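Notes follow once the structure below has been shown.
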Amino acid sequence: MSLKLLDLFCCQGGASMGYHQAGFDVVGVDIDPQPNYPFEFHRADALAYLFEFGDDFDVIAGSPPCQAHTNAQKIMGNDHPDFIDSMRALLPAGKPYVIENVPGAPLRDPIELCGAMFGLGTYRHRLFESNMPITAPDHPAHTVRTTKMGRPPVDGEFMHVVGNFSGVEQAKKAMGISWMTRDGLRESIPPAYAQHIGRQLMAQLVEVTS
């Protein structure tokens with residue numbers, strides 16, 4: 001059975017790859033050109049696309065820009081748009097959905113995922129809201145030192161993949177991503193996160209339709 005998933009604000013496709021690995025046919029939408037995106041892509045306003053085409057998909061996923069909720073931006077007092085409520089308001093009634101964002105974002109009853117849960121080289125905590133039952137693996141203690149922000153890690157350290165970091169090849173390895181540029185990596189989630197959630201959604205949807 002082929003199930004279609006719409007990934008909004010997809011950037012270079014970290015979440016999309018995870019959902020693809022979980023078995024979904026993925027279509028990505030972003031307002032910026034994404035030549036590195038590995039699946040069917042539409043350059044469009046994500047919310048307008050959701051309004052027009054959301055009913056054509058089995059699952060809606062999205063990673064609205066997170067700058068409004070990062071600690072750095074709060075400290076600096078910068079003002080960024082918040083698309084979370086807008087995306088939620090446009091979701092087709094009863095359609096399975098997932099919204100991803102950073103800790104501190106106003107998600108409803110989210111689970112938190114961490115790179116240590118999946119054997120990655122970065123902690124990179126992210127929150128996931130869904131109207132389907134989803135669970136997180138056990139959260140291991142953070143015993144590995146993380147290198148200082150922006151610097152490439154030395155052996156035995158985890159990596160901060162943020163801002164103008166150095167060490168693109170190390171970041172790819174830390175995140176479990178092979179195809180992205182530096183700009184894509186610093187905005188992405190590891191595919192392992194979306195694969196973990198996507199497998200849970202797929203199992204539930206297959207059970208409902210079988």
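In this chain, residues are counted from 1 in sequence order. The structure displayed is predicted, hence computed values, not measured ones.
Taking 4.5 Å as the limit, every side-chain heavy atom of P64 sits out of range of all side-chain heavy atoms of E100. Side-chain contact between F24 and M202 is present, with at least one heavy-atom pair separated by less than 4.5 Å. Residues L120 and M175 fail the side-chain proximity criterion, which asks for heavy atoms closer than 4.5 Å. Here the side chains of V102 and L127 are not in contact, with every heavy-atom distance at 4.5 Å or above. In this structure, F9 and L47 have side chains that are in contact, with non-hydrogen atoms separated by less than 4.5 Å. Counting only heavy atoms from C-beta outward, the side chains of M180 and M17 never approach each other to under 4.5 Å.
Applying the side chain to side chain donor-acceptor pair (under 3.5 Å) rule to pairs touching residues 47-58 yields nothing, sequence neighbours excluded.
Taking every heavy atom of both residues into account, Y37 and S16 meet most closely at OH-OG, 2.7 Å. For the pair R88 and D85, the tightest heavy-atom approach, listed with the atom from each and the gap, is NH1-OD1, 2.9 Å. Taking both residues in full, the closest heavy atoms of A46 and L8 are given as O-CD2, 3.6 Å, listed atom of the first, atom of the second, then distance. Pairing each heavy atom of G54 with each of I60, the nearest pair is O-CD1, 3.6 Å. When all heavy atoms of G198 and A22 are compared, the pair lying nearest together is C-CB, 3.5 Å. Summarising the geometry of A116 relative to P140, their closest heavy-atom pair is O-CG, 3.5 Å, with the distance given to 0.1 Å.
The backbone N or O of L107 lies less than 3.5 Å from no partner atom in the side chain of N101, so there is not a single donor-acceptor pair. With hydrogens and angles ignored, the 3.5 Å screen pairs a side-chain donor or acceptor of W179 with a backbone N or O of Q12. Between the side chain of K95 and the backbone N or O of F57, at least one donor-acceptor pair lies under 3.5 Å.
Among residues two or more places apart in sequence or in another chain, the side chain to side chain contact (heavy atoms under 4.5 Å, CB included) test is passed with H160 by T146, M149, V162. Every residue two or more places apart in sequence or in another chain that forms a side chain to side chain contact (heavy atoms under 4.5 Å, CB included) with D32 is listed here: D30, Q34. With sequence neighbours excluded, the residues forming a side chain to side chain contact (heavy atoms under 4.5 Å, CB included) with P153 are T147, E157, M159, Q170, listed by chain and number.
The distance from atom CG of L6 to atom CG of D25, rounded to the nearest 0.5 Å, is 12.5 Å. With rounding to the nearest 0.5 Å, the separation of CG in N36 from SG in C11 is 11.5 Å. Atoms CZ and NE2, from F39 and H20 in turn, are 4.5 Å apart once rounded to the nearest 0.5 Å. With rounding to the nearest 0.5 angstrom, the OG atom of S188 is 3.5 Å from the CD1 atom of I177. Rounding to the nearest 0.5 angstrom, the gap separating the CZ atom in R124 from the CZ atom in F118 is 14.0 Å. For the atom pair CG of L185 and OG1 of T122, the computed distance is 11.0 Å after rounding to the nearest 0.5 Å.
A continuous path of ILVMFWY side-chain contacts below 4.5 Å connects L113 to M132, so both sit in one hydrophobic cluster. Cluster annotation: I31 and M87 are assigned to distinct hydrophobic clusters (Ile/Leu/Val/Met/Phe/Trp/Tyr, side-chain heavy-atom contacts under 4.5 Å, transitive).
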Quiz item: Under the side chain to side chain contact (heavy atoms under 4.5 Å, CB included) criterion, do V27 and H42 qualify, and how do the steps go?
Solution: CA-CA 8 Å; V27 174; H42 297 271; 3.5 Å; yes
Quiz item: Are L5 and L3 close enough, and set up right, to give a side chain to side chain contact (heavy atoms under 4.5 Å, CB included), and what steps lead you there?
Solution: CA-CA 7 Å; L5 183 143; L3 294 174; over 6 Å; no
Quiz item: Checking side chain to side chain contact (heavy atoms under 4.5 Å, CB included) for the pair D7/V29: CA distance, chi angles, key distance, verdict?
Solution: CA-CA 6 Å; D7 189 12; V29 175; over 6 Å; no
Exercise. Give the C-alpha distance, both sets of side-chain angles, the deciding distance and a yes or no for side chain to side chain contact (heavy atoms under 4.5 Å, CB included) between V59 and L201.
Key: CA-CA 9 Å; V59 178; L201 298 181; 4.1 Å; yes
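For CZ of F53, the number of neighbouring non-hydrogen atoms (other residues, nucleotides, ligands) closer than 6.0 Å is greater than 12. The neighbour count for K172 NZ, taken as heavy atoms of other residues, nucleotides or ligands under 6.0 Å away, is above 12. Within a 6.0 Å radius of CZ in R186, more than 12 heavy atoms belonging to other residues, nucleotides or ligands are found.
For S130 and Y97, the side-chain atoms include no donor-acceptor pair closer than 3.5 Å.
Applying the under-4.5 Å side-chain rule to Ile, Leu, Val, Met, Phe, Trp and Tyr, the cluster around V144 extends to Y123, F158. In the hydrophobic clustering (ILVMFWY side chains linked at under 4.5 Å, chained through shared members), V154 stands by itself.
The aromatic rings of F128 and Y193 stand perpendicular to each other, their planes meeting at an angle above 60°, with 30° marking the opposite boundary.
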